[in-house]
Amino acid sequence: MPSLRASEWQNLPVSLKELCINTTLRCGQSFRWRKSAEDEWSLALHGRILSLRQDSERLHYRASFPSAALAPPTPPASTVPSAAESVNQDDDDTLALVKHYFNLTPNLAQLYDQWALADPNFRKRAPKFTGVRILQQDAWEALIGFICSSNNNISRISQMVHNLCLHYGPLIGHVGATPYHDFPTPKALTGPKVEQHLQKLGFGYRAKYIYKTAVMVEEKGLDWLQDLCNPENPPLGVDPKPAGELVEGGRGGYRRAHEELLALHGVGPKVADCVCLMGLGWSESVPVDTHVWQIAQRDYKFGKGKHSSLTKATYDAVANRFRSLWGKEAGWAHSVLFTADLKTFSERLVAKVEVKEETVVKIEVDGIKQEADMVRMETITEKRVKRPFVKEEHQVLEVKEEKVTRKRAKRTKT
DNA sequence: CCCGACCCTCCCCT
DNA sequence: AAGGGGAGGGTCG
(Lines give C-alpha, C1' and ligand atoms only; values in the text may rest on other atoms or scores of the structure.)
Protein backbone atom coordinates (compact mmCIF):
# COMPACT_ATOMS: atom_id res chain seq x y z
CA MET A 1 0.00 0.00 0.00
CA PRO A 2 1.73 3.17 -1.15
CA SER A 3 1.94 5.78 1.51
CA LEU A 4 0.65 9.18 0.69
CA ARG A 5 2.13 12.57 1.26
CA ALA A 6 -0.77 14.88 1.88
CA SER A 7 -0.57 18.60 1.49
CA GLU A 8 -2.42 20.94 3.79
CA TRP A 9 -5.89 22.09 2.94
CA GLN A 10 -5.89 25.05 0.59
CA ASN A 11 -8.84 27.05 -0.59
CA LEU A 12 -10.00 29.50 -3.12
CA PRO A 13 -12.95 31.85 -3.00
CA VAL A 14 -15.91 30.45 -4.92
CA SER A 15 -19.53 31.26 -4.27
CA LEU A 16 -22.12 28.51 -4.41
CA LYS A 17 -23.69 30.30 -7.34
CA GLU A 18 -20.48 29.79 -9.28
CA LEU A 19 -19.95 26.19 -8.26
CA CYS A 20 -21.90 23.78 -6.11
CA ILE A 21 -19.94 20.55 -5.86
CA ASN A 22 -22.77 18.74 -4.13
CA THR A 23 -24.80 19.15 -7.28
CA THR A 24 -22.13 19.19 -9.95
CA LEU A 25 -20.35 16.06 -8.77
CA ARG A 26 -23.59 14.08 -8.56
CA CYS A 27 -25.41 15.11 -11.69
CA GLY A 28 -24.02 12.40 -13.91
CA GLN A 29 -21.28 14.13 -15.83
CA SER A 30 -18.44 12.48 -13.91
CA PHE A 31 -18.58 8.97 -12.55
CA ARG A 32 -15.56 8.57 -10.30
CA TRP A 33 -16.03 10.99 -7.40
CA ARG A 34 -16.65 9.36 -4.06
CA LYS A 35 -17.63 10.62 -0.68
CA SER A 36 -14.47 10.10 1.34
CA ALA A 37 -15.79 11.59 4.58
CA GLU A 38 -18.68 13.59 5.82
CA ASP A 39 -19.01 16.49 3.46
CA GLU A 40 -15.88 15.54 1.55
CA TRP A 41 -15.39 14.25 -1.99
CA SER A 42 -12.30 12.59 -3.41
CA LEU A 43 -10.97 11.47 -6.76
CA ALA A 44 -7.73 10.11 -8.17
CA LEU A 45 -6.60 12.60 -10.77
CA HIS A 46 -3.28 13.30 -12.45
CA GLY A 47 -1.25 11.16 -10.14
CA ARG A 48 -2.75 12.40 -6.88
CA ILE A 49 -5.82 12.01 -4.75
CA LEU A 50 -7.72 15.25 -4.85
CA SER A 51 -10.10 15.91 -1.97
CA LEU A 52 -12.67 18.67 -1.78
CA ARG A 53 -14.87 20.41 0.71
CA GLN A 54 -16.99 23.44 0.19
CA ASP A 55 -18.57 26.08 2.38
CA SER A 56 -20.66 29.02 1.35
CA GLU A 57 -17.67 31.14 0.39
CA ARG A 58 -14.83 28.80 -0.43
CA LEU A 59 -13.79 25.65 -2.17
CA HIS A 60 -11.29 23.75 -0.02
CA TYR A 61 -8.96 21.31 -1.69
CA ARG A 62 -6.11 19.04 -0.76
CA ALA A 63 -3.90 16.74 -2.78
CA SER A 64 -2.29 13.54 -1.58
CA PHE A 65 0.66 12.30 -3.58
CA PRO A 66 2.17 8.84 -3.50
CA SER A 67 5.37 8.97 -1.50
CA ALA A 68 8.20 9.04 -4.00
CA ALA A 69 10.36 6.81 -1.83
CA LEU A 70 7.93 3.96 -1.44
CA ALA A 71 5.98 4.20 -4.63
CA PRO A 72 7.45 5.82 -7.71
CA PRO A 73 4.82 7.91 -9.41
CA THR A 74 2.81 5.95 -11.90
CA PRO A 75 1.77 8.51 -14.44
CA PRO A 76 -1.77 7.98 -15.65
CA ALA A 77 -2.98 8.73 -19.11
CA SER A 78 -1.34 11.85 -20.24
CA THR A 79 0.22 14.86 -18.71
CA VAL A 80 1.56 14.03 -15.32
CA PRO A 81 4.93 15.58 -14.80
CA SER A 82 7.20 13.59 -12.53
CA ALA A 83 6.35 14.25 -8.94
CA ALA A 84 6.91 17.75 -7.76
CA GLU A 85 8.79 17.68 -4.52
CA SER A 86 8.19 20.90 -2.70
CA VAL A 87 4.89 21.37 -1.02
CA ASN A 88 4.53 24.79 -2.52
CA GLN A 89 4.92 23.44 -5.98
CA ASP A 90 2.39 20.72 -5.30
CA ASP A 91 -0.10 23.27 -4.22
CA ASP A 92 0.45 25.54 -7.16
CA ASP A 93 0.09 22.59 -9.48
CA THR A 94 -3.08 21.44 -7.76
CA LEU A 95 -4.58 24.90 -7.78
CA ALA A 96 -4.16 25.06 -11.54
CA LEU A 97 -5.60 21.59 -11.84
CA VAL A 98 -8.65 22.49 -9.76
CA LYS A 99 -9.28 25.68 -11.69
CA HIS A 100 -9.02 23.81 -14.93
CA TYR A 101 -11.06 20.77 -13.93
CA PHE A 102 -13.88 22.90 -12.58
CA ASN A 103 -13.76 25.18 -15.56
CA LEU A 104 -13.85 28.20 -13.31
CA THR A 105 -13.31 30.93 -15.88
CA PRO A 106 -16.86 31.51 -17.13
CA ASN A 107 -19.05 33.65 -14.88
CA LEU A 108 -21.84 31.22 -14.15
CA ALA A 109 -24.17 33.56 -12.25
CA GLN A 110 -24.08 35.92 -15.20
CA LEU A 111 -24.83 33.08 -17.59
CA TYR A 112 -27.80 31.96 -15.46
CA ASP A 113 -29.15 35.50 -15.67
CA GLN A 114 -28.77 35.48 -19.40
CA TRP A 115 -30.50 32.12 -19.81
CA ALA A 116 -33.29 33.12 -17.45
CA LEU A 117 -33.88 36.28 -19.39
CA ALA A 118 -34.19 34.37 -22.64
CA ASP A 119 -36.20 31.43 -21.34
CA PRO A 120 -39.14 31.43 -18.89
CA ASN A 121 -38.80 27.72 -18.28
CA PHE A 122 -35.17 28.09 -17.29
CA ARG A 123 -36.15 31.01 -15.09
CA LYS A 124 -38.64 28.77 -13.33
CA ARG A 125 -36.49 25.70 -12.80
CA ALA A 126 -32.96 26.98 -12.29
CA PRO A 127 -33.21 28.76 -8.91
CA LYS A 128 -32.91 25.51 -6.94
CA PHE A 129 -30.09 24.25 -9.10
CA THR A 130 -27.53 26.99 -9.08
CA GLY A 131 -23.83 26.31 -9.35
CA VAL A 132 -24.08 23.51 -11.91
CA ARG A 133 -20.90 23.81 -13.95
CA ILE A 134 -19.70 21.79 -16.88
CA LEU A 135 -16.45 20.12 -15.87
CA GLN A 136 -13.39 19.97 -18.07
CA GLN A 137 -12.77 16.29 -17.85
CA ASP A 138 -10.18 14.25 -19.63
CA ALA A 139 -11.57 13.51 -23.08
CA TRP A 140 -10.54 9.86 -23.08
CA GLU A 141 -12.15 9.25 -19.71
CA ALA A 142 -15.30 11.03 -20.80
CA LEU A 143 -15.41 8.94 -23.94
CA ILE A 144 -15.31 5.63 -22.10
CA GLY A 145 -17.58 6.82 -19.31
CA PHE A 146 -20.29 7.84 -21.72
CA ILE A 147 -19.96 4.70 -23.79
CA CYS A 148 -20.84 2.97 -20.53
CA SER A 149 -23.84 5.23 -20.12
CA SER A 150 -25.88 3.83 -22.98
CA ASN A 151 -29.16 2.35 -21.85
CA ASN A 152 -27.89 2.49 -18.30
CA ASN A 153 -28.31 4.31 -15.01
CA ILE A 154 -25.89 6.53 -13.15
CA SER A 155 -25.41 4.09 -10.33
CA ARG A 156 -24.34 1.24 -12.56
CA ILE A 157 -22.29 3.51 -14.81
CA SER A 158 -20.31 4.62 -11.77
CA GLN A 159 -19.70 1.06 -10.69
CA MET A 160 -18.56 0.09 -14.14
CA VAL A 161 -16.13 2.98 -14.31
CA HIS A 162 -14.79 2.19 -10.86
CA ASN A 163 -14.28 -1.39 -11.95
CA LEU A 164 -12.43 -0.24 -15.02
CA CYS A 165 -10.09 1.82 -12.85
CA LEU A 166 -9.68 -0.91 -10.26
CA HIS A 167 -8.59 -3.51 -12.78
CA TYR A 168 -6.81 -1.45 -15.40
CA GLY A 169 -5.89 1.91 -13.87
CA PRO A 170 -2.81 2.80 -11.82
CA LEU A 171 -3.23 2.74 -8.06
CA ILE A 172 -2.59 6.17 -6.61
CA GLY A 173 -3.27 5.49 -2.94
CA HIS A 174 -5.90 4.82 -0.34
CA VAL A 175 -8.32 6.85 1.69
CA GLY A 176 -8.99 4.70 4.68
CA ALA A 177 -9.23 1.24 3.19
CA THR A 178 -10.57 2.44 -0.13
CA PRO A 179 -8.13 2.25 -3.03
CA TYR A 180 -8.06 5.14 -5.48
CA HIS A 181 -7.05 4.33 -9.01
CA ASP A 182 -6.63 6.78 -11.81
CA PHE A 183 -8.40 6.17 -15.10
CA PRO A 184 -6.73 3.57 -17.33
CA THR A 185 -4.90 4.51 -20.51
CA PRO A 186 -6.27 3.41 -23.89
CA LYS A 187 -3.42 0.96 -24.18
CA ALA A 188 -4.34 -0.68 -20.90
CA LEU A 189 -7.70 -1.61 -22.41
CA THR A 190 -6.38 -3.14 -25.61
CA GLY A 191 -5.21 -6.44 -24.12
CA PRO A 192 -6.48 -9.67 -25.68
CA LYS A 193 -8.58 -10.64 -22.68
CA VAL A 194 -10.10 -7.26 -21.93
CA GLU A 195 -13.39 -7.76 -23.70
CA GLN A 196 -14.00 -11.13 -22.14
CA HIS A 197 -12.99 -9.85 -18.71
CA LEU A 198 -15.25 -6.82 -18.91
CA GLN A 199 -18.06 -9.08 -20.02
CA LYS A 200 -17.51 -11.11 -16.88
CA LEU A 201 -17.48 -7.94 -14.79
CA GLY A 202 -20.99 -7.17 -15.96
CA PHE A 203 -20.36 -4.62 -18.69
CA GLY A 204 -22.69 -6.46 -21.03
CA TYR A 205 -22.58 -5.45 -24.64
CA ARG A 206 -20.47 -2.42 -23.75
CA ALA A 207 -17.46 -4.68 -23.20
CA LYS A 208 -17.00 -4.94 -26.94
CA TYR A 209 -17.52 -1.22 -27.46
CA ILE A 210 -14.88 -0.34 -24.90
CA TYR A 211 -12.33 -2.75 -26.23
CA LYS A 212 -12.82 -1.74 -29.84
CA THR A 213 -12.80 1.95 -29.03
CA ALA A 214 -9.62 1.54 -26.99
CA VAL A 215 -7.95 -0.17 -29.94
CA MET A 216 -9.05 2.56 -32.33
CA VAL A 217 -7.94 5.38 -30.05
CA GLU A 218 -4.65 3.64 -29.42
CA GLU A 219 -4.14 3.44 -33.19
CA LYS A 220 -5.16 7.00 -33.88
CA GLY A 221 -3.26 8.23 -30.85
CA LEU A 222 -4.46 10.32 -27.93
CA ASP A 223 -3.33 13.40 -29.82
CA TRP A 224 -6.04 12.69 -32.35
CA LEU A 225 -8.62 12.91 -29.59
CA GLN A 226 -7.05 15.92 -27.92
CA ASP A 227 -6.87 17.79 -31.21
CA LEU A 228 -10.65 17.65 -31.43
CA CYS A 229 -10.95 19.90 -28.40
CA ASN A 230 -12.15 23.47 -28.48
CA PRO A 231 -9.07 25.72 -28.77
CA GLU A 232 -10.79 28.15 -26.43
CA ASN A 233 -10.61 25.50 -23.70
CA PRO A 234 -7.34 23.68 -24.30
CA PRO A 235 -5.73 21.16 -21.97
CA LEU A 236 -3.81 22.42 -18.97
CA GLY A 237 -0.75 24.35 -20.01
CA VAL A 238 -1.82 25.17 -23.56
CA ASP A 239 -2.69 28.73 -24.53
CA PRO A 240 -6.30 29.35 -25.52
CA LYS A 241 -7.17 30.50 -29.01
CA PRO A 242 -10.47 31.83 -30.34
CA ALA A 243 -12.86 29.36 -31.97
CA GLY A 244 -15.37 31.73 -33.50
CA GLU A 245 -18.95 32.72 -32.82
CA LEU A 246 -21.83 30.34 -32.59
CA VAL A 247 -23.64 29.44 -35.79
CA GLU A 248 -26.65 27.24 -36.45
CA GLY A 249 -25.74 23.64 -35.81
CA GLY A 250 -22.64 24.60 -33.86
CA ARG A 251 -19.21 25.83 -34.88
CA GLY A 252 -17.11 23.98 -37.41
CA GLY A 253 -14.72 22.60 -34.84
CA TYR A 254 -17.58 21.18 -32.82
CA ARG A 255 -19.21 19.58 -35.84
CA ARG A 256 -15.93 18.05 -36.89
CA ALA A 257 -15.27 16.64 -33.44
CA HIS A 258 -18.77 15.22 -33.27
CA GLU A 259 -18.48 13.59 -36.66
CA GLU A 260 -15.10 12.03 -35.94
CA LEU A 261 -16.26 10.59 -32.65
CA LEU A 262 -19.11 8.81 -34.41
CA ALA A 263 -16.58 6.52 -36.05
CA LEU A 264 -15.89 4.87 -32.69
CA HIS A 265 -17.80 1.78 -31.61
CA GLY A 266 -20.57 2.48 -29.14
CA VAL A 267 -20.52 6.18 -29.93
CA GLY A 268 -23.71 7.59 -31.36
CA PRO A 269 -24.90 11.21 -31.48
CA LYS A 270 -25.69 11.45 -27.78
CA VAL A 271 -22.43 9.99 -26.51
CA ALA A 272 -20.47 12.06 -29.01
CA ASP A 273 -22.16 15.18 -27.69
CA CYS A 274 -21.36 14.28 -24.10
CA VAL A 275 -17.71 13.91 -25.01
CA CYS A 276 -17.76 17.17 -26.97
CA LEU A 277 -19.32 19.05 -24.07
CA MET A 278 -17.61 17.57 -21.04
CA GLY A 279 -14.35 16.30 -22.47
CA LEU A 280 -13.56 18.57 -25.38
CA GLY A 281 -14.83 21.93 -24.19
CA TRP A 282 -17.47 22.52 -26.87
CA SER A 283 -20.00 24.49 -24.86
CA GLU A 284 -22.67 24.56 -27.57
CA SER A 285 -22.95 20.79 -27.59
CA VAL A 286 -26.38 19.68 -26.38
CA PRO A 287 -26.67 15.95 -25.71
CA VAL A 288 -30.28 14.88 -26.25
CA ASP A 289 -31.01 11.81 -24.18
CA THR A 290 -34.33 10.45 -23.03
CA HIS A 291 -34.40 12.96 -20.18
CA VAL A 292 -33.77 15.94 -22.41
CA TRP A 293 -36.21 14.58 -24.95
CA GLN A 294 -38.86 14.42 -22.25
CA ILE A 295 -38.02 17.97 -21.19
CA ALA A 296 -38.25 19.11 -24.79
CA GLN A 297 -41.70 17.57 -25.09
CA ARG A 298 -42.97 18.75 -21.73
CA ASP A 299 -41.64 22.30 -21.77
CA TYR A 300 -40.68 23.20 -25.32
CA LYS A 301 -43.55 21.89 -27.42
CA PHE A 302 -41.69 19.08 -29.09
CA GLY A 303 -43.20 15.66 -29.65
CA LYS A 304 -45.80 16.49 -32.23
CA GLY A 305 -46.09 16.28 -35.97
CA LYS A 306 -42.76 16.19 -37.69
CA HIS A 307 -40.88 15.65 -34.45
CA SER A 308 -43.07 13.10 -32.76
CA SER A 309 -40.24 10.69 -32.03
CA LEU A 310 -36.56 11.10 -31.31
CA THR A 311 -35.08 10.48 -34.72
CA LYS A 312 -31.77 11.92 -35.82
CA ALA A 313 -33.62 14.80 -37.42
CA THR A 314 -35.51 15.48 -34.21
CA TYR A 315 -32.31 15.20 -32.24
CA ASP A 316 -30.74 17.95 -34.32
CA ALA A 317 -33.87 20.07 -34.16
CA VAL A 318 -33.96 19.90 -30.37
CA ALA A 319 -30.27 20.70 -30.03
CA ASN A 320 -30.55 23.58 -32.47
CA ARG A 321 -33.58 24.95 -30.67
CA PHE A 322 -31.69 25.02 -27.39
CA ARG A 323 -28.65 26.57 -29.02
CA SER A 324 -30.72 29.37 -30.50
CA LEU A 325 -32.50 29.85 -27.18
CA TRP A 326 -29.53 29.74 -24.80
CA GLY A 327 -26.64 30.67 -27.03
CA LYS A 328 -23.02 29.63 -27.09
CA GLU A 329 -23.08 27.90 -23.71
CA ALA A 330 -26.27 26.00 -24.49
CA GLY A 331 -24.75 22.78 -23.21
CA TRP A 332 -24.24 24.36 -19.81
CA ALA A 333 -27.83 25.51 -19.60
CA HIS A 334 -29.03 22.13 -20.78
CA SER A 335 -27.12 20.54 -17.93
CA VAL A 336 -28.98 22.67 -15.39
CA LEU A 337 -32.36 21.52 -16.64
CA PHE A 338 -31.16 17.95 -16.93
CA THR A 339 -30.01 18.04 -13.32
CA ALA A 340 -33.27 19.59 -12.19
CA ASP A 341 -35.05 16.55 -13.60
CA LEU A 342 -32.91 13.90 -11.92
CA LYS A 343 -34.72 11.82 -9.35
CA THR A 344 -31.72 12.12 -7.09
CA PHE A 345 -32.57 15.75 -6.52
CA SER A 346 -36.35 15.52 -6.55
CA GLU A 347 -36.75 16.39 -2.89
CA ARG A 348 -35.19 19.72 -3.59
CA LEU A 349 -38.23 20.65 -5.61
CA VAL A 350 -40.40 20.72 -2.51
CA ALA A 351 -38.02 21.78 0.21
CA LYS A 352 -40.49 24.32 1.51
CA VAL A 353 -43.19 21.73 1.86
CA GLU A 354 -40.95 19.55 3.97
CA VAL A 355 -40.28 22.39 6.33
CA LYS A 356 -43.94 23.13 6.59
CA GLU A 357 -44.64 19.51 7.38
CA GLU A 358 -42.56 19.95 10.54
CA THR A 359 -39.81 17.80 9.13
CA VAL A 360 -36.70 18.40 11.13
CA VAL A 361 -34.40 18.44 8.18
CA LYS A 362 -34.24 21.75 6.43
CA ILE A 363 -32.74 21.92 3.05
CA GLU A 364 -31.08 25.02 1.80
CA VAL A 365 -30.02 24.34 -1.67
CA ASP A 366 -27.41 27.02 -1.71
CA GLY A 367 -26.23 26.70 1.83
CA ILE A 368 -24.18 24.38 3.90
CA LYS A 369 -27.36 22.86 5.20
CA GLN A 370 -27.25 20.72 2.13
CA GLU A 371 -25.24 18.33 4.21
CA ALA A 372 -28.49 17.27 5.77
CA ASP A 373 -29.51 16.29 2.31
CA MET A 374 -26.24 14.53 1.69
CA VAL A 375 -26.48 12.33 4.71
CA ARG A 376 -29.45 10.70 3.20
CA MET A 377 -28.15 10.34 -0.31
CA GLU A 378 -26.62 7.15 -1.54
CA THR A 379 -23.05 7.17 -2.40
CA ILE A 380 -22.64 5.92 -5.88
CA THR A 381 -20.50 3.06 -4.75
CA GLU A 382 -23.31 1.49 -2.83
CA LYS A 383 -25.14 -1.29 -4.47
CA ARG A 384 -28.64 -0.08 -4.63
CA VAL A 385 -30.58 3.00 -3.98
CA LYS A 386 -32.38 2.21 -0.78
CA ARG A 387 -35.09 4.20 0.77
CA PRO A 388 -34.96 4.91 4.43
CA PHE A 389 -36.97 8.02 3.76
CA VAL A 390 -39.93 6.75 1.90
CA LYS A 391 -42.20 8.88 3.95
CA GLU A 392 -40.51 12.04 2.85
CA GLU A 393 -40.47 10.89 -0.70
CA HIS A 394 -44.13 10.32 -0.42
CA GLN A 395 -44.74 13.81 0.82
CA VAL A 396 -42.50 15.18 -1.81
CA LEU A 397 -44.18 13.38 -4.58
CA GLU A 398 -47.65 14.50 -3.73
CA VAL A 399 -46.71 17.79 -5.22
CA LYS A 400 -45.49 16.16 -8.37
CA GLU A 401 -47.09 14.47 -11.32
CA GLU A 402 -49.92 12.12 -10.55
CA LYS A 403 -48.33 9.19 -12.26
CA VAL A 404 -45.33 9.19 -9.98
CA THR A 405 -47.37 9.91 -6.91
CA ARG A 406 -49.51 6.90 -7.50
CA LYS A 407 -46.58 4.57 -7.93
CA ARG A 408 -44.72 5.77 -4.90
CA ALA A 409 -47.79 5.94 -2.75
CA LYS A 410 -48.52 2.31 -3.41
CA ARG A 411 -45.01 1.29 -2.76
CA THR A 412 -45.06 3.11 0.54
CA LYS A 413 -47.82 0.89 1.72
CA THR A 414 -46.15 -2.27 0.57
C1' DC B 1 -37.28 6.32 -40.57
C1' DC B 2 -38.54 2.33 -37.80
C1' DC B 3 -37.47 -1.83 -35.24
C1' DG B 4 -35.64 -5.31 -32.49
C1' DA B 5 -31.75 -6.84 -30.10
C1' DC B 6 -28.43 -5.98 -26.85
C1' DC B 7 -26.09 -6.94 -21.06
C1' DC B 8 -27.63 -6.11 -16.75
C1' DT B 9 -30.04 -4.36 -12.57
C1' DC B 10 -33.63 -2.65 -10.12
C1' DC B 11 -38.42 -1.70 -9.58
C1' DC B 12 -43.38 -2.10 -9.93
C1' DC B 13 -47.06 -4.93 -10.41
C1' DT B 14 -49.82 -9.17 -10.61
C1' DA C 1 -44.33 -15.64 -3.66
C1' DA C 2 -41.98 -16.12 -8.21
C1' DG C 3 -41.86 -13.74 -12.52
C1' DG C 4 -43.35 -10.73 -16.37
C1' DG C 5 -42.83 -5.96 -17.99
C1' DG C 6 -40.46 -1.63 -18.16
C1' DA C 7 -36.89 1.65 -17.73
C1' DG C 8 -32.23 3.24 -17.00
C1' DG C 9 -28.50 9.83 -19.78
C1' DG C 10 -28.26 4.53 -26.60
C1' DT C 11 -26.16 2.20 -30.39
C1' DC C 12 -26.03 -1.04 -34.10
C1' DG C 13 -27.66 -3.63 -38.06
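If you're wondering where the values come from, they're calculated on a predicted model, not measured in any experiment. Numbers restart at 1 for each chain; the letters A, B, ... are given by sequence-line order, proteins then strands. Computed over heavy atoms, backbone and side chain alike; hydrogens, waters and symmetry mates excluded.
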Engineer: Give one of base, sugar-phosphate or nothing for A/Ile295, where a contact means two heavy atoms less than 4.0 Å apart.
Structural biologist: nothing

Engineer: Using ring pair (Phe, Tyr, Trp, His ring centres under 6.0 Å) as the criterion, list what pairs up with A/Tyr211, not counting sequence neighbours.
Structural biologist: none

Engineer: Please write out each protein N/O paired with an N/O of nucleotides 2-6 of chain B under 3.5 Å, distance rounded to 0.1 Å.
Structural biologist:
| residue | atom | partner | partner atom | Å |
| --- | --- | --- | --- | --- |
| B/dC2 | OP2 | A/Ser309 | OG | 3.3 |

Engineer: Whole angstrom is fine here: how far is it from NZ in A/Lys200 over to P in B/dC8?
Structural biologist: 13 Å

Engineer: Which is more 5' along DNA chain C, the nucleotide nearest A/Arg156 or the one nearest A/Gly268? Just name the residue.
Structural biologist: A/Arg156

Engineer: Are any of the side-chain nitrogens in A/Asp299 or A/Lys124 under 4.0 Å away from the carboxylate oxygens of its partner?
Structural biologist: no

Engineer: Roughly how far apart, to the nearest Å, are B/dC10 and C/dT11 at atom C1'?
Structural biologist: 22 Å

Engineer: Assess whether a salt bridge exists between A/Lys208 and A/Glu195, defined as any Lys/Arg side-chain N lying under 4.0 Å from an Asp/Glu carboxylate O.
Structural biologist: yes

Engineer: Under 30°, 30 to 60°, or over 60°: which ring-plane class applies to A/His258 and A/Tyr254, parallel, tilted or perpendicular?
Structural biologist: tilted

Engineer: Quick one: how far along DNA chain C does chain A reach, first to last nucleotide 5' to 3', anything under 4.0 Å to a heavy atom?
Structural biologist: C/dG8 to C/dC12

Engineer: Once you round to the nearest 0.5 Å, how far does OG1 of A/Thr339 lie from NE2 of A/His334?
Structural biologist: 8.5 Å

Engineer: Which whole number of Å gives the distance between the P atom of C/dG9 and that of B/dC12?
Structural biologist: 15 Å

Engineer: Can you tell me how far CD1 of A/Ile144 sits from CZ of A/Phe146, rounded to the nearest 0.5 angstrom?
Structural biologist: 12.0 Å

Engineer: Looking at DNA chain C, which of residues 254-263 of chain A put a heavy atom within less than 4.0 Å of it?
Structural biologist: none

Engineer: Atom CZ of A/Arg53 and atom OG of A/Ser42: how far apart are they, to the nearest 0.5 Å?
Structural biologist: 9.0 Å

Engineer: Please check if any side-chain donor atom of A/Thr344 sits under 3.5 Å from a side-chain acceptor atom of A/Arg26, or the reverse.
Structural biologist: no

Engineer: Between A/Tyr112 and A/Phe122, what is the ring plane arrangement, given parallel below 30°, perpendicular above 60°, and tilted in between?
Structural biologist: perpendicular

Engineer: Suppose you measure atom P in C/dG6 against the same atom in B/dC3; what distance do you get, rounded to whole Å?
Structural biologist: 15 Å

Engineer: Classify the angle between the aromatic ring planes of A/Phe302 and A/His307 as parallel (below 30°), tilted (30 to 60°) or perpendicular (above 60°).
Structural biologist: tilted

Engineer: I'd like to know if A/Glu248 pairs up with A/Arg323 as an ion pair, taking the criterion as any Lys NZ or Arg NE/NH1/NH2 lying under 4.0 Å from an Asp or Glu carboxylate oxygen.
Structural biologist: no

Engineer: Verify the distance criterion only: is there a donor paired with an acceptor across the side chains of A/Arg48 and A/Ser7 at less than 3.5 Å?
Structural biologist: no

Engineer: Mind checking which stems touch DNA chain B? I mean at least 3 consecutive Watson-Crick or G-U pairs, both distances under 3.5 Å.
Structural biologist: B:3-6 with C:10-13, B:8-14 with C:2-8

Engineer: Who are the side-chain hydrogen bond (donor to acceptor under 3.5 Å, both in side chains) partners of A/Asn107, not counting sequence neighbours?
Structural biologist: A/Gln110

Engineer: With rounding to the closest Å, how many angstrom separate the P atoms on C/dG5 and B/dG4?
Structural biologist: 14 Å

Engineer: Does the separation of the ring centres of A/Phe322 and A/Tyr300 fall below 6.0 angstrom?
Structural biologist: yes

Engineer: For the pair made of CD1 in A/Ile210 and C1' in B/dC8, what is the distance, rounded to whole Å?
Structural biologist: 13 Å

Engineer: Using a cut-off of 4.0 Å on non-hydrogen atoms, how would the nucleic acid contact of A/Val288 be classed: base, sugar-phosphate, or nothing?
Structural biologist: nothing

Engineer: Taking the nucleotide of DNA chain C with the closest heavy atom to each, which residue, A/Cys27 or A/Gly266, is nearer the 5' end?
Structural biologist: A/Cys27

